[in-house]
Amino acid sequence: MLALVKTAEGPGLELRDWPDPAVGINDVLIRVHRTGICGTDLHIEAWDPWAAKTIRPPLVIGHEFVGEVVEVGSNVIGFAPGDLVSGEGHVVCGRCRHCLAGQRHLCAHTIGLGVGRDGAFAELVVLPMTNVWHHWRGIDEEVAAIFDPFGNAVHTALAFPVLGEDVLVSGAGPIGLMATAVVRHAGARHVVVSEPNPVRRAIAERMGATIAVDPRERDLREVGTELGMTEGFDVALEMSGNAAALRSAITSMAHGGRIAILGIPTAEISLDVNEIVFKMLTLRGIYGREMYETWYKMTVMLQSGLDITPAITHRFPFREHAAAFAAARSGDAGKVILDWTL
Ligand code: NAD
Ligand code: ZN
């Protein structure tokens with residue numbers, strides 16, 4: 001098969017022939033149709049300090065995909081050749097306290113597809129059957145290809161009840177954009193998106209933001225007051241990884257406010273804990289997706305009218321992966337899709 005491979009330590013990726021993955025008795029072999037490019041893939045391509053510490057080449061990268069089942073192991077039930085599926089990219093141990101309790105997203109022994117094992121930027125990918133998710137016939141395959149980051153958005157957006165609440169989304173990358181549409185779909189009153197990039201602010205307004213503001217120009221508390229919030233935001237979704245964004249979210253919350261933090265900072269952040277204490281705020285870290293409640297919620301929200309397609313802005317045939325990575329890196333893109341059928 002052809003695969004996009006990190007062949008050696010250092011920057012770059014190679015599209016090359018690679019052995020087809022072996023199919024174990026519990027595994028599902030999938031022919032990849034489309035993949036999404038994630039920030040993680042950009043880190044691995046660039047070989048930044050995180051990648052140098054984490055990745056052991058050679059490695060087929062990529063974890064956001066949709067494809068068609070081509071073969072199943074002898075133990076596999078419920079999947080058959082021809083099924084349209086995506087994969088949960090976190091392969092858990094299945095044996096720890098949390099896995100056994102059905103809280104697989106809390107597994108401390110997770111191995112990442114395209115990070116700790118060969119990934120999906122290839123013509124074929126293999127996953128244990130417990131990591132494979134059925135799609136319904138007729139789903140938009142570009143949407144199906146990004147269930148992994150869509151799941152990050154849904155897991156964060158639904159971490160706290162948002163019906164009737166005023167929600168702050170800080171950071172309108174692909175995940176913040178999808179989260180904006182999700183909290184709107186889930187019944188939020190006002191959704192304020194804070195994002196320095198004007199291209200992304202414009203997409204946020206198309207995806208349901210009440211208003212999208214530049215945090216360098218607007219004070220978020222003032223924006224809230226103008227919209228009629230009496231104290232501040234009820235819920236914030238931190239999706240930028242930026243220190244100033246987290247601090248201004250904390251400052252803009254109402255008493256009892258709840259902050260779900262998905263964004264991954266590159267360094268330690270100092271916070272005014274007094275503000276957290278006296279406003280009795282809840283801060284909650286979010287990693288990955290709940291297996292598989294988040295996946296269920298994604299499916300049924302799409303079936304009940306949620307539209308995340310404006311977050312997808314670029315498509316490339318897989319052989320043009322360098323151009324696709326450049327688009328994703330530009331910062332002006334939403335989600336970038338690679339088509340493996342062309
Ligand atoms: P992204 O980098 O494309 O988006 C981040 C956005 O934040 C950018 O548009 C940037 O302009 C904006 N931003 C920068 N400074 C800001 C500020 N002060 N205020 C408001 N916005 C600001 O990332 P993404 O792919 O959308 O992912 C969002 C975040 O979630 C990233 O930090 C990513 O590393 C993280 N992530 C976490 C998980 C997890 O499981 N916890 C999974 C995937 C991604
Ligand atoms: Zn486990």
Side-chain angles (χ1 to χ4, degrees), residues 36-43 48 50 63-64 88-112 114-115 128 130 146-157 159 168-180 192-204 207 209 212-220 223 236-252 260-267 269 284-291 294 308 311 313 327-336:
I37 297 177
C38 171
T40 303
D41 306 316
L42 302 180
H43 292 303
D48 67 6
W50 171 83
H63 56 275
E64 304 175 1
E88 162 58 57
H90 287 180
V91 178
V92 299
C93 79
R95 292 180 302 276
C96 71
R97 172 188 180 172
H98 295 302
C99 281
L100 291 172
Q103 302 256 68
R104 287 179 275 190
H105 60 291
L106 296 179
C107 179
H109 315 287
T110 299
I111 295 171
V115 175
T130 45
I146 58 169
F147 258 48
D148 175 297
F150 176 30
N152 295 135
V154 168
H155 189 184
T156 316
L168 169 66
V169 178
S170 46
I175 300 180
L177 289 170
M178 291 188 275
T180 299
V192 174
V193 174
S194 170
E195 165 61 58
N197 180 321
V199 176
R200 290 180 160 181
R201 283 202 302 276
I203 305 174
M207 295 192 75
V213 298
D214 185 337
R216 297 164 302 184
E217 289 173 0
R218 295 300 313 272
D219 180 303
L220 295 174
V223 175
L237 313 178
E238 203 319 283
M239 304 197 140
S240 73
N242 182 283
L246 179 57
R247 290 196 198 100
S248 71
I250 289 171
T251 304
S252 323
I261 305 174
L262 180 90
I264 302 173
T266 50
I269 297 179
R284 173 158 158 200
I286 305 285
Y287 182 53
R289 299 140 296 278
E290 281 191 28
M291 299 164 219
T294 304
I308 58 163
T313 56
R329 206 180 283 291
S330 75
D332 283 343
K335 206 72 218 176
V336 178

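Because the structure is predicted, anything quoted here is derived from the model rather than measured. Counting starts at 1 for both ligands and their atoms, following the listed order.
Between Leu177 and Ala311, the closest heavy-atom pair is CB-CB, 4.2 Å. Taking each heavy atom of Ala153 and Ala179 in turn, the nearest pair found is CB-N, 3.7 Å. Taking every heavy atom of both residues into account, Arg200 and Ala333 meet most closely at NH2-O, 2.8 Å.
Considering each of Ile264, Ile286, Val213, Asn197, the one bringing a non-hydrogen atom nearest atom 32 (O) of ligand 1 is Ile264. Distances from atom 1 (P) of ligand 1 to the heavy atoms of Arg216, His105, Met239, Arg200 show the closest one on Arg200.
Proximity of Leu262 to ligand 1, defined as any heavy-atom pair under 4.0 Å, is shared by backbone and side chain alike. When non-hydrogen atoms are compared, ligand 1 lies under 4.0 Å from the backbone of Pro174 as well as from its side chain.
Between Asn242 and ligand 1, at least one pair of N/O atoms sits closer than 3.5 Å. Below 3.5 Å of separation, one finds no N or O of Gly39 facing any N or O of ligand 1. Looking at Glu195 next to ligand 1, an N or O pair under 3.5 Å apart turns up.
Glu238 places a side-chain N or O within 3.5 Å of a backbone atom of Gly241 that can act as its donor or acceptor partner. Judged by distance alone, the side chain of Asn152 and the main-chain N or O of Leu262 form no donor-acceptor pair under 3.5 Å. Checking side-chain atoms of His105 against main-chain N and O of Tyr287 turns up no donor-acceptor pair under 3.5 Å. With Thr313 contributing its side chain and Gly334 its backbone, the two residues share a donor-acceptor pair below 3.5 Å.
Here Arg218 pairs with Glu226 under the side-chain hydrogen bond (donor to acceptor under 3.5 Å, both in side chains) rule; sequence neighbours left out.
Proximity to Ser194 (heavy-atom distance under 4.0 Å) selects the following atoms of ligand 1: 19 (N), 20 (C), 21 (N). Of all atoms in ligand 1, numbered sequentially from 1 with element shown, those under 4.0 Å from a heavy atom of Gly288 are 39 (C), 40 (O). Less than 4.0 angstrom separates some heavy atom of Pro215 from each of these atoms of ligand 1: 19 (N).
Looking at heavy atoms from C-beta onward, Leu168 lies in side-chain contact with Ser194 at the 4.5 angstrom threshold.
Scanning the protein heavy atoms around atom 27 (O) of ligand 1, the nearest turns out to be Ile175 CD1, 3.6 Å. From the protein, the heavy atom lying nearest to atom 42 (C) of ligand 1 is Asn152 OD1, 3.5 Å.
Here the CZ atom belonging to Arg289 is positioned 10.0 Å from the OG1 atom belonging to Thr156, to the nearest 0.5 angstrom.
Salt bridge Glu64/Lys335: present, at least one basic N to carboxylate O contact under 4.0 Å.
Note on the Zn ion (ligand 2): protein N/O/S atoms under 2.8 Å are Cys93 SG, Cys96 SG, Cys99 SG, Cys107 SG.
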